[in-house]
Protein chains: 4
Amino acid sequence: MPAPQPPVTPDRPTVRDGLPAAPESPDGTTARAKGRPRSAAADRAILDATREALAELGWGGLTMGHVATRAKVAKTTLYRRWPSKNELVVDAVASLFDELVMPDLGSLRADIEAVVSQFAALLARPETQAALLALFAEGTRDPQLRRRIREAIVDPQKRLVRQGRAAAQVRGELAPDCDETAACEEVDIIFDTIAGTVEHRVLVSGEPITAEWTRRFTDLLLGPFPSLVP
Amino acid sequence: MPAPQPPVTPDRPTVRDGLPAAPESPDGTTARAKGRPRSAAADRAILDATREALAELGWGGLTMGHVATRAKVAKTTLYRRWPSKNELVVDAVASLFDELVMPDLGSLRADIEAVVSQFAALLARPETQAALLALFAEGTRDPQLRRRIREAIVDPQKRLVRQGRAAAQVRGELAPDCDETAACEEVDIIFDTIAGTVEHRVLVSGEPITAEWTRRFTDLLLGPFPSLVP
Amino acid sequence: MPAPQPPVTPDRPTVRDGLPAAPESPDGTTARAKGRPRSAAADRAILDATREALAELGWGGLTMGHVATRAKVAKTTLYRRWPSKNELVVDAVASLFDELVMPDLGSLRADIEAVVSQFAALLARPETQAALLALFAEGTRDPQLRRRIREAIVDPQKRLVRQGRAAAQVRGELAPDCDETAACEEVDIIFDTIAGTVEHRVLVSGEPITAEWTRRFTDLLLGPFPSLVP
Amino acid sequence: MPAPQPPVTPDRPTVRDGLPAAPESPDGTTARAKGRPRSAAADRAILDATREALAELGWGGLTMGHVATRAKVAKTTLYRRWPSKNELVVDAVASLFDELVMPDLGSLRADIEAVVSQFAALLARPETQAALLALFAEGTRDPQLRRRIREAIVDPQKRLVRQGRAAAQVRGELAPDCDETAACEEVDIIFDTIAGTVEHRVLVSGEPITAEWTRRFTDLLLGPFPSLVP
DNA sequence: TAATAATCGAGACGGTACGTCTTGTCTTTGA
DNA sequence: TCAAAGACAAGACGTACCGTCTCGATTATTA
């Protein structure tokens, strides 16, 4: 969700600054906003500058003024789009998480290990490392921010778990869902477990995710299905 | 680990500010430091003020100046003891984690569920919530701080996993350890899983830890030992 | 001098924005400009808004953006006519000074007192008070602005002194001018004295111009002509 | 009135920032303020920087941040002493006016001409020119500032008129005062006339104060006493 | 009637200064 | 020697205006 801004990339309207982005006229066509349209180049420059600055300076060193300077943009231009550092970083980081994919390698175990590896690699990037926990920390105090983080960063990744389950069911490794609600809860619990554990290992303990560790962790996840554990 | 300060509670020297706290004379008696001794009341007031301010204002709203004012202490006195907000909060929060205990309720499942509940309750407290992820976030940029966090907050809780395993082995629920190293790694992986998952559920997803959720999560943890899953 | 703008009131061309306002064709008739003509209503709305804003907010509170908003006009429209706040306020205030008149009441003393009263009343108006000294202050740094202030606001009022002298000469109160240059200098000195003194009394000392004060001040001005002092 | 600040030059307490500057203990001795005393060097550097910046950049170009930078002082240090540009400039300019003196040259005419010349020279200095009218303009909107300007800059100069009158009375050029109140009002009117007229001539008309002009203006002032006009 | 051209509104743009806040250090007096 | 009080330099904060620009829409004259 790379923070598109209305008149420039009107494909997917966001509520980035709380205002309707692309007002529609009654006939359904996208109404042209009045006044000078916002610069798409500025949007891109700002998000790029944010990611660079995160990687170089970390969360604490990231300053709105610094981002503006680095993006060669006025501070007003920055604040017009994102009301604070938090929202800016959410958008800047969200796109990184869209790179994660469910590969479908032919076995549930292989798929899990691949996703864990991808996630570990993502968490090893300095911009992710600098931003993720700090955002989560801010989210604990600001429910609206937490919702934004979940919508833009966290929840979209649950698709990986759902896709993996579906593929395993097609392959016959897992039984088909009988109860929709229970399936949903199981997706949640699996997702929280994978995400939380890998984050804790990498970001808190500060230890690497090796192939061996991934194998053992996958053993744990597959525990309820002994037939899948070698 | 309530951040004792040397001349006052000389039972366990800390490295709080990098200096040996209670120098010992050659004859083994604790040497009296020169000059006016530091006030023990100030230490307590500072840590209490820190916890209160964390609960009220969150991590971002917590400032050294504010803590000093609230503790009715000069800023100099504060900085003389803790070099920065990070270290101060580590000490202020660490003691809260010492409240966690392994109850030994007669079954591994019951023990796990009890510990998860305790941890969830701890994470529900505003001061913990405000501080924990913020500290972890700071730790990703400052290896020394990360070490301090692990030593004071995270690693001590691994005892819970070890105690739980030992009790289960005594009860015959788990086989005795054969390989010491493997056992250690298993403790680590279990710990990261419990800690990370519960943190993610509470602090990121912002959803409560219910008895039902705890049961399902324990099912997952006990997956490799089907005999323990009802 | 109510800031006429060329195509609308082409009677007296101004140099308001440095460009020839109403280009003349070779045959002497005023050539009609191409394109959409400037709105006369906008001019009036802007000057009215400027005077109102001056009275309400003072010089410092007056901003171009604010004037544009209050006049329901785009900022571009404002800047197209007046290059800066200074020029705008000169035109907005100048017309107020045109209200001053030399009454010819039958004696020099009465005429002087009448003019002083009128001037004091003008200086008591909030828009004048807010603008006059601020314009003079700006003028000390910008010779072109000072010239514009003199041409539009200050010098035109010297007619009052000249008219009063002429009337007194007709009445025989004053001797006729012998030296043209000396007469001019005397007009200047009298004008600077009246204008400066009243301004200082009202705007700096902040004390009112009473009838008693006016009488005493007129005594001073008439000092060189004892026969006129009662 | 060079803006002394309490613990440094405790001779004359000011109300510069509204707080009692040098609190006195009951026994009349000046109580020592707690904490680190304010730097006298900073005061001097700030006022010097203000005067320099006024001369170079004018009132509009004078910035609190600029003054702080030029004085090699933090902005907080500046704001701790003077709440705004207005108050700062009052203090920076006030001292310049203390240089004016009544010379007592043996005749009222000579004394008046000498004071007018001094005042004209003062108004010709760029820092005075930049500041004076701007301060007066601000004063029209802020009664407290106007009072401050009068107390620090304007009213102290009335001593010149009083001294001149007294000397002339000693010399027998003027009759002794009979009515105290009337004398006071006459001082006021004379002062407003001299100050206002010279200011208007120099700052508004922008024309120089020549010896010839001074002679003619003095003629006007001495009008009521024909015996003193040559 | 159509083309042309300057106007209009709206609002985004890069800049600059604002006055406040926090940080971590320093400099006093007093205990 | 420490405690308290508060001054100090440094620098980020988010806001307000500045004067310019880029739009689409409007309103005149000219062809």
Side-chain angles (χ1 to χ4, degrees), chain A residues 5 7 31-39 41-42 60-66 68-69 71-81 83-85, chain B residues 7 33-39 41-42 60-69 72-81 83-85, chain C residues 7 31-39 41-42 60-69 72-81 83-85, chain D residues 5 7 31-39 41-42 60-66 68-69 71-81 83-85:
Chain A
Q5 131 282 13
R32 184 64 183 71
K34 283 190 169 185
R36 176 174 173 176
R38 292 190 182 169
S39 156
L62 184 76
T63 293
M64 293 298 266
H66 183 91
T69 304
K72 293 183 182 173
V73 140
K75 266 200 299 178
T76 32
T77 300
L78 184 45
Y79 280 108
R80 198 175 291 123
R81 291 163 161 79
S84 83
K85 182 163 126 171
Chain B
K34 281 187 177 180
R36 175 173 170 177
R38 292 187 182 169
S39 155
L62 184 76
T63 66
M64 295 296 266
H66 184 90
V67 169
T69 305
K72 294 182 183 174
V73 143
K75 270 202 299 176
T76 347
T77 304
L78 185 45
Y79 278 107
R80 200 173 290 122
R81 290 163 160 82
S84 82
K85 178 163 132 173
Chain C
R32 194 64 186 77
K34 281 188 176 181
R36 176 174 174 176
R38 291 189 183 169
S39 156
L62 184 77
T63 67
M64 295 297 266
H66 184 89
V67 169
T69 304
K72 293 183 182 172
V73 141
K75 270 201 300 175
T76 2
T77 302
L78 185 45
Y79 278 108
R80 201 174 288 124
R81 290 160 160 82
S84 83
K85 179 163 133 172
Chain D
Q5 130 282 13
R32 189 64 184 76
K34 282 191 170 183
R36 177 173 171 178
R38 294 191 182 168
S39 156
L62 184 76
T63 294
M64 294 297 267
H66 184 91
T69 305
K72 292 183 182 174
V73 141
K75 269 200 297 177
T76 28
T77 301
L78 184 45
Y79 279 107
R80 198 174 292 121
R81 291 163 160 79
S84 82
K85 181 163 128 170

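The structure presented is a predicted model; accordingly, all values stated were derived computationally and were not measured. Both backbone and side-chain heavy atoms feed into the values below; hydrogens, waters and symmetry mates do not. Residue numbers start from 1 in every chain, and the chains themselves are labelled A, B, ... in the order their sequence lines are given, proteins ahead of strands.
C:Arg81 approaches C:Ala42 most closely through the heavy-atom pair NH2-CB, 3.8 Å. Of all heavy-atom pairs between A:Leu78 and A:Val73, the closest is N-CG1, 4.2 Å. The shortest heavy-atom contact between A:Lys85 and A:Leu62 is NZ-O, 3.1 Å. Summarising the geometry of C:Ser84 relative to C:Met64, their closest heavy-atom pair is C-CE, 3.8 Å, with the distance given to 0.1 Å.
Projected onto DNA chain E by closest heavy-atom contact, C:Ala42 and D:Thr76 fall at different nucleotides, the more 5' of which corresponds to C:Ala42. Both C:Leu62 and B:Thr77 lie near DNA chain F, and the one whose nearest nucleotide falls closer to the 5' end is B:Thr77. In terms of position on DNA chain E, the residue among D:Thr63 and A:Lys72 whose nearest nucleotide sits closer to the 5' end is A:Lys72. Projected onto DNA chain F by closest heavy-atom contact, D:Val73 and C:Lys85 fall at different nucleotides, the more 5' of which corresponds to D:Val73.
If you check F:dA7, E:dA10, E:dC18 against the side chain of D:Tyr79, the one that comes closest is E:dC18. Distance from the side chain of B:Met64 is smallest to E:dG24 among E:dG9, F:dC18, E:dG24. For C:Arg36, whose side chain is taken as the heavy atoms from C-beta onward, the closest listed nucleotide among E:dA6, F:dC8, E:dA10 is E:dA6. The side chain of B:Arg81 has F:dA3 as its nearest neighbour among F:dA3, F:dA4, E:dA10.
For D:Lys34 and F:dA5, the NZ to C1' distance is 7 Å, given to the nearest whole Å. Between the C1' atom of E:dT20 and the CG atom of D:Leu78 lies a distance of 13 Å, rounded to the nearest Å.
With hydrogens and angles ignored, a donor-acceptor pair under 3.5 angstrom links the side chain of A:Lys75 to the base of F:dG14.
Put simply, C:Arg38 has no side-chain N or O that comes within less than 4.0 Å of OP1 or OP2 on F:dT26. Checking the phosphate oxygens (OP1, OP2) of F:dA7, a side-chain nitrogen or oxygen of D:Arg80 falls inside 4.0 Å.
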